[in-house]
**Student:** 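Once you've had a glance at the structure underneath, I'll fire off some questions.
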Amino acid sequence: MRHFARWVAASTPRGAAVLNVGGGCNASGDFPRIRGRAGLLVVVDPSARVADNGEADERHQATLEAFSLEHADRFDVAFAVFVMEHVADPVEFTEAAARVLKPTGVFLALTLNQWHYFGLTTWATSRLGLEEWLLRHVRDPREVDEYHFHTEYRINTIRSVSRHLERAGFSEVDFRMWDLPRAYEPYLPRRLTGFATEWSRVAYRLNRPNLMGHLAFKATLGS
């Protein structure tokens, strides 16, 4: 998370207008470096919990798609943390991301890689309607009720991200991928927690970014 936050901050000109997509009540963490560079920080999230985000200058309870219709060409930077896996319509979402940005604006996102074992498991259980059932067996049900949102995994690979962003008008996409075993271990049975570390070792040893769990990108609008 710190790596991604530094990337967003480094991509944010001082005094820039910044949009945090899906920021809610900062469940994914605070971003002081980004806040320190932004002249305006706006958060949009369909959840009512967006009202609890004390970091933002403006809070809007809406989807990005709806928000973009009245806030076109307003932002220099937009970023999303663990939002892409919940996107049901990648075409509408990426078009909305492009719409809110000024010419040559940038969109950055951190999400889960569908080809990682965690991403594949989540993708499969969501398609089978078993996602919530499984989560309630590995996590505290109260935590599931408060923080879990249905996942889609329709734009969670390098190929799908590249394709949809290009169609939406983004000309350059830079990817960064890494693995973080401790992020996935809480979802594994105790006897399998060592699997996360071993998978990570193999992915790095083979130099196979496509096997790593975290997928981040930076896309630039226009040419």
Side-chain angles (χ1 to χ4, degrees), residues 1 3-5 7-8 11 19-24 28 44-46 63-68 75 77-101 104-132 134-135 148-180 183-184 187 196 199-200 202-204 206-223:
M1 186 72 71
H3 171 81
F4 178 72
W7 196 15
V8 176
S11 304
L19 178 65
N20 182 353
V21 180
S28 296
V44 59
D45 194 306
T63 64
L64 175 63
E65 293 85 342
F67 175 84
S68 70
F75 298 94
V77 177
F79 72 96
V81 178
F82 296 126
V83 170
M84 306 297 288
E85 63 270 22
H86 303 288
V87 172
D89 190 329
V91 173
E92 289 191 4
F93 182 86
T94 51
E95 287 180 352
R99 190 178 299 121
V100 298
L101 291 171
T104 70
V106 295
F107 176 44
L108 301 97
L110 169 63
T111 187
L112 298 165
N113 174 25
Q114 185 178 323
W115 298 123
H116 185 261
Y117 68 86
F118 184 86
L120 280 173
T121 301
T122 309
W123 173 86
T125 55
S126 67
R127 295 300 186 275
L128 294 171
L130 299 174
E131 185 180 13
E132 290 225 4
L134 181 60
L135 277 173
H148 176 65
F149 296 93
H150 178 70
T151 55
E152 296 283 351
Y153 281 86
R154 299 182 186 278
I155 182 169
N156 287 83
T157 65
I158 289 176
R159 182 178 179 181
S160 61
V161 168
S162 299
R163 182 175 72 252
H164 286 295
L165 289 175
E166 182 179 352
R167 288 177 178 174
F170 291 92
S171 61
E172 300 176 21
V173 186
D174 179 17
F175 288 95
R176 298 182 184 180
M177 302 186 74
W178 65 93
D179 211 50
L180 195 62
Y184 323 121
Y187 297 90
W199 176 286
S200 184
V202 171
Y204 280 103
L206 296 177
N207 193 25
R208 294 287 301 275
N210 62 311
L211 296 179
M212 298 176 186
H214 281 50
L215 183 157
F217 65 81
K218 174 182 176 180
T220 303
L221 188 64
S223 56

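All heavy atoms count here, side chains included; hydrogens, waters and symmetry mates do not. Bear in mind that the values here come from a model prediction, so they are computed numbers and not experimental data.
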**Student:** Do the non-hydrogen side-chain atoms of T104 and L221 ever get within less than 4.5 Å of each other?
**Tutor:** no
**Student:** How many angstroms lie between atom CZ of F175 and atom CZ of F217, to the nearest 0.5 angstrom?
**Tutor:** 7.0 Å
**Student:** State whether the number of non-hydrogen atoms from other residues, nucleotides or ligands found under 6.0 Å of R208 atom CZ is greater than 12.
**Tutor:** no
**Student:** Should N113 and M177 count as side-chain neighbours, where that means a heavy-atom distance under 4.5 Å?
**Tutor:** yes
**Student:** With no hydrogens and no angle check, do the side chains of Q114 and T157 hold a donor and an acceptor under 3.5 Å apart?
**Tutor:** no
**Student:** Would you indicate whether the side-chain heavy atoms of V44 and L19 approach each other to under 4.5 Å?
**Tutor:** yes
**Student:** Please report the shortest heavy-atom distance between E85 and T111, naming the atom on each side.
**Tutor:** OE1-OG1, 2.6 Å
**Student:** Under 30°, 30 to 60°, or over 60°: which ring-plane class applies to W7 and F4, parallel, tilted or perpendicular?
**Tutor:** perpendicular
**Student:** Between F67 and T63, is the side chain to side chain contact (heavy atoms under 4.5 Å, CB included) condition met? List the steps.
**Tutor:** CA-CA 6 Å; F67 175 84; T63 64; over 6 Å; no
**Student:** Please step through side chain to side chain contact (heavy atoms under 4.5 Å, CB included) for the pair F107 and L165, ending with a clear verdict.
**Tutor:** CA-CA 10 Å; F107 176 44; L165 289 175; 4.2 Å; yes
**Student:** Could you pull out the closest heavy-atom pair between L108 and S11, with the gap in Å?
**Tutor:** CD2-OG, 3.9 Å
**Student:** Ignoring hydrogens and geometry, is there a side-chain-to-backbone donor-acceptor pair from S200 to A196 under 3.5 Å?
**Tutor:** no
**Student:** When the ring centroid of F82 is compared with that of H214, is the distance short of 6.0 Å?
**Tutor:** yes
**Student:** So V83 and F93, side chain to side chain contact (heavy atoms under 4.5 Å, CB included) or not? Walk me through it.
**Tutor:** CA-CA 11 Å; V83 170; F93 182 86; 4.2 Å; yes
**Student:** How close do E65 and R99 get, heavy atom to heavy atom, and via which atoms?
**Tutor:** O-NH1, 4.2 Å
**Student:** Tell me the closest heavy-atom pair linking T125 and T122, and the distance in Å.
**Tutor:** OG1-O, 3.1 Å
**Student:** Hey, what do you get for NE2 (H86) to OG1 (T151), rounding to the nearest 0.5 Å?
**Tutor:** 7.0 Å
**Student:** Determine, stepwise, if the pair H164 / T94 fulfils side chain to side chain contact (heavy atoms under 4.5 Å, CB included).
**Tutor:** CA-CA 7 Å; H164 286 295; T94 51; 4.0 Å; yes
**Student:** Mind checking whether L215 and I158 have side chains closer than 4.5 Å, heavy atoms only?
**Tutor:** yes
**Student:** How about L211 and W199: do any of their side-chain heavy atoms sit closer than 4.5 Å?
**Tutor:** yes
**Student:** How close do A97 and F170 get, heavy atom to heavy atom, and via which atoms?
**Tutor:** C-CZ, 4.2 Å
**Student:** Drop me the distance from N156's CG to W123's CH2, to the nearest 0.5 angstrom.
**Tutor:** 12.0 Å
**Student:** Taking the side chain as every heavy atom from C-beta outward, state whether F79 and V21 have any pair of such atoms under 4.5 Å apart.
**Tutor:** no
**Student:** Is there side-chain contact between M212 and Y204, with heavy atoms separated by less than 4.5 Å?
**Tutor:** yes
**Student:** Between V173 and A219, which heavy-atom pair has the shortest distance, and what is it?
**Tutor:** CG2-CB, 4.1 Å
**Student:** Looking only at the side chains, is there a donor atom on one of H116 and D179 sitting less than 3.5 Å from an acceptor on the other?
**Tutor:** yes
